[in-house]
Visitor: 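Could you have a look at this structure, given as structure tokens, before my questions?
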Amino acid sequence: MLTSWKFWVVMAAIAGLTGLFVFGFTVNPKIVPSPLVERPAPGFAVTELNTGQPLDLESLKGTPFLLNFWASWCVACRDEARLLEAAHRRWGQDGKFRVIGIAVQDQPEEARKFARRFGKTYFLALDNSAGDISLNYGLYGVPESFFVDAQGIIRYKQIGAMTEQVLSEQIPKLIASKEQGR
Amino acid sequence: MLPDLGYVLLTAALAVSLYGVVVPHLGVARNNWNLVRSAQFATIVNFLLVLGASAVLMRSFIGNDFSVRFVWENSSTDLPLFYKISAFWGGMDGSLLFWDLVLAGFSAIVAYGYQRSNREIMPYVIATLSVVHVFLLLLLTTYSNPLATQAPVPLEGRGLNPLLQHPAMAMHPPLLYLGYIGFSIPFAFAIASLIRGKLDNSWVISTRRWTLGAWYALAVGQMLGGQWAYEELGWGGYWGWDPVENAALMPWLTGTAFLHSVLLQEKRNMMKVWNMVLVIVTFGLSIMGTFIVRSGVLNSVHAFAQSEVGPAFLVFLAFAMTVAFALMFKRIRLLESRHTADSLLSRESAFLLNNLLLIGICFTVFLGTVFPLLAEAIRGTKLSIQAPFFNAIVGPLGIGLLFLTGIGTLIAWRHSSWNYLVRNFRVPVALGVLTVGVLLALGVRHIGALIAFGGAVFTGWILVSDFVRSVRARATQLQVGYGEAVVGTVRRNQQRWGGALIHLGVVFLIVGLAGNWFTREYNLTLTPGRPVNAGEFQLLFKGLRSEKKANATLRLAEIEVYRGGTLVDTLKPARSFYPTQPEPLTEVAIHRTVREDLYLVLASENEGGSVTVRLLVNPLVMVAWFAFPLFTLGTAIAIFYRPRRLDEPVTEGALGYV
Amino acid sequence: MTTRSDATTAHLLRRARAAAGLLPLAALALAVLLALAAPSAGWAQAPNQRELDERVQRITDMLRCPTCQGISVKDSEASFSRQIRDKVRRMVEEGQSDEDIKAYFVSRYGEWILRAPKKEGLGLVIWLAPGTALLLAGGWIGWRVYRGRRHPSADLHGAPELTPEQRERIARDLQRFEEED
């Protein structure tokens, strides 16, 4: 039996399949890596939720930013709301970094209520009903956030609620990139 | 208090199962048949203990005992009794208990029912089945305890997901489990034969009825799952090639292959190694199926939360397959026969081709299910493999099987001469070609459909005319009426005619599936009072209203459907809003006829009072369902037979055996 | 007086005629049955609109609904799916090709958004694997059967052919057996 090559093929197949499933335990089927990372951020043009001030990708050239997609009906967005506001207060005050939030599949009044409830003071806008910006960014859930450097390249995508750790890891790097770019 | 008693019963059952693993081996080693008999008795004790624990759980469900966490998770006081009962096997822990209960019952039946015919291997059969018991009971007493209690006791349960409150979905898990468990019996016999080194055909013959019953249970279980998906999920189809669907399909495919190739073993002493492989793989796929459903490793509709049970199943799967195949290779000398089919044009070859196609389909399904994970392991990117892949490859193979079913029914054992082939296949081929011609004349251009319908007529004709011929012959020979001749013919060879009925069911199933090629879809916006055209139908939207149903609010649209001016039906598709669900559930409205289903989905309510609906015209769905009574009757005829008495004359061409 | 074989032949002929007689009727019945199943003519929409609809259906059937399990964008009522459907429709109306539209979504969501892998690279491997495996296995089985049929197989597999001496001995033994009775 031990000399039969067929036996060893079968054993190898069992081992291989088991190994594959063990690998399966280490990955999360719900997290899909984005092809937009290390690529230029897709363009967008929005107006601010309360003031109507316009903003587009072009005008952000030279400044790194965090683009956060959220919604008033999204439960996980509540978890990250205060973190994002804190990040804005810590890094976004002197123009070296911007935090931008775009609400998807949402109504203006609901979005404003949510923003007030969580004390959001950074730039907030609404995606149109066709979801052009969401689709352009390959969104398949909320919240999702994109970290973009000063040259307009997406460096990191966060799927799901933001964490303190990701913010403190990614933002200083982006700000440093701006300084290097000069 | 009672749940704790139930838990004690489970622990006791675990101890008894361990006894059942060890003692048979001891008994044989020491030539002490009393020890073996005690292990036999242990199977009954085991069953009673597990039955007791199950009764406790059932009582907890019926009595709304929310101190039991499993009951709290899957039931509520306002749940109808039928669903409280089915919640037993609906959730994971309970389903494992159900599995062990049925396995325990089957083990006891097998231990006593076959003790004379399979005396030599019975100790090992008991031991093998007990190993499975030990695995299940270990889980049931540790990670997956359905009788675990909680305090404080909540007043109300979490309730059952409304999507699952459907009769088909209530019966779907037990039937699938019956199938998996049913296939464990031939597997246990096979392992026992390998251990003992007794490798004649007795294990195959003894377990044939189990195999057939398990096949039927898996088939119907999957049909019920499809029916549920069709009626509840609202996307318009009944089979989505979801990993969990595939997980149940694969052992069914290998089980079907096994069912056929064991006939080759009995009749011509061929394929003994292959049959061993098939029965081991079928059992392995059953375990793998449960693993996929419960572990969350593959993205799926069923996606249960990742639990600790997953790794346990994986370990057991690897263990079982390694030991089983090692045993097989150890005894391979006793199994190999150099005998192969005598001719390419023979029933033996047809059986080989049958196995090839079935395993080909199984391989495709397996590949498609597992490949995304493999690609991620190799390349790190995620891939999707869904219906387009599976349909493209499995479709032609299925149609090949359709033709083969007909060919295999007529072709002779050993060798068929050309004359024989021409004589017998002339009429069915002609009919098949005629069908294709008629369809072409009617404007059908889809190649797959032409071949499928032609093949259906070809095979259907062969099956029916075969039977009619035999009945006629009997009626004439014995000078009896046709009614008596029918009964007599079937009685003479229940295996063959039961099989023929099942094959006819397969023909209907494939015709029904072929209808998918002709589905028409219309996305329409309807305003009240204004008729809208959709193909040959006109839809008239009458209005929306709200309804209260148990724990949900329904928004219901009333839509009249006309064809050529006459009212076909008034359909009421709706959307259900449950307080616990963020998105509303679709309640599809279906109008069924043999020719086609009208499948109407309420997509959205728009501002201004209009609605958007999705109308699917699905041809031939009911035809696929005709397979169900045919499968049932065919299986019943094939299973419930009495072996032929010695004084009955043998009919030429019968597949009879003793 | 008819002999037994005459009766059998006559009987067979009668059966054959009976079967042949059934043929046209059966064929007609089948034709009717299948005619009922054949797809009916669609309502005459403006052909362009119909084509566009079909293109949208075809494309959205190849994209997976990103928030569902196993369902296509075409079949799903989820909000993201509806937005993707509308976007596909706009792109089709702009005149973009099927390939361009699919490529756009792949560039945003990754290959994962396609319901079956592209037929290149690793994807090609999986598309070809089942067919190749079937052909190889079928070929091997066919070859073994073909090779096996050269040698007439004994019913008792592995049993050796009898030598003339053995045959003679058997004949003698049988003779003795019958005489001893």
Side-chain angles (χ1 to χ4, degrees), chain A residues 6 9 13 16-17 20 27-44 57 67 69-77 102-107 110-111 126-144 146 148 153-154 156-157 159-160, chain C residues 56 59-60 62-94 96 99-118 120-123 125-126 129 133 136-137 140-141 144:
Chain A
K6 294 182 198 171
V9 167
L17 191 59
L20 185 62
V27 292
N28 184 346
K30 295 198 189 299
I31 294 200
V32 182
S34 167
L36 291 174
V37 175
E38 305 300 328
R39 286 268 169 78
F44 61 89
L57 184 65
L67 187 62
F69 289 91
W70 61 284
S72 62
W73 44 262
C74 151
V75 174
C77 302
I102 299 191
V104 308
Q105 295 169 21
D106 214 344
Q107 302 299 318
E110 302 297 318
L126 209 57
D127 193 9
N128 62 7
S129 61
D132 283 325
I133 306 179
S134 323
L135 293 182
N136 225 3
Y137 273 80
L139 222 68
Y140 63 94
V142 276
E144 287 181 15
F146 293 83
V148 185
I153 310 286
I154 299 177
Y156 186 80
K157 177 182 178 184
I159 299 175
Chain C
V56 171
I59 298 172
T60 52
M62 273 303 292
L63 300 172
R64 78 174 285 172
C65 158
T67 52
C68 329
Q69 302 300 347
I71 310 179
S72 64
V73 164
K74 169 174 93 82
D75 287 331
S76 161
E77 293 303 325
S79 42
F80 276 114
S81 291
R82 272 193 254 160
Q83 287 183 331
I84 294 179
R85 269 206 299 270
D86 292 339
K87 175 128 190 153
V88 169
R89 174 166 289 275
R90 280 199 302 276
M91 292 172 94
V92 164
E93 280 166 3
E94 279 168 18
Q96 297 199 37
E99 283 314 307
D100 286 342
I101 297 178
K102 282 193 268 190
Y104 167 76
F105 283 101
V106 170
S107 74
R108 298 299 187 253
Y109 285 89
E111 267 192 83
W112 167 84
I113 196 82
L114 294 175
R115 295 183 81 206
K118 283 191 284 209
E120 45 188 61
L122 201 56
V125 168
I126 190 181
L136 285 174
W140 179 69
I141 295 176
R144 278 196 56 184

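We name chains A, B, ... by the order of the sequence lines, and we start the count at 1 in each one.
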Visitor: Quick check on C:Arg82 against chain A: is it the side chain, the backbone, both or neither that has a heavy atom closer than 4.5 Å?
Guide: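 When you check distances to chain A, no heavy atom of C:Arg82 falls under 4.5 Å.
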
Visitor: Can you find a heavy atom in the side chain of A:Leu139 that is under 4.5 Å from one in the side chain of C:Phe80?
Guide: yes

Visitor: Do you know which of A:Leu135, A:Val104, A:Asp132 has the most heavy-atom pairs under 4.5 Å to chain C?
Guide: A:Leu135

Visitor: How about A:Arg39: does its CZ atom have over 12 heavy atoms from other parts shown lying under 6.0 Å from it?
Guide: no

Visitor: Taking all heavy atoms of A:Leu36 and all of C:Ser107, pick out the closest pair and write down the distance.
Guide: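 Shortest heavy-atom contact: CD2-O, 3.7 Å.
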
Visitor: What pair of heavy atoms forms the shortest contact from A:Ser134 to C:Tyr109, and how long is it?
Guide: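 Heavy-atom minimum between the residues: O-OH, 4.4 Å.
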
Visitor: Return the minimal non-hydrogen interatomic distance between C:Gly110 and A:Pro35, and the atom names on each side.
Guide: N-CG, 3.3 Å

Visitor: Heavy atoms only: give me the nearest C:Arg108-A:Ser34 pair and the separation to one decimal.
Guide: O-OG, 4.3 Å

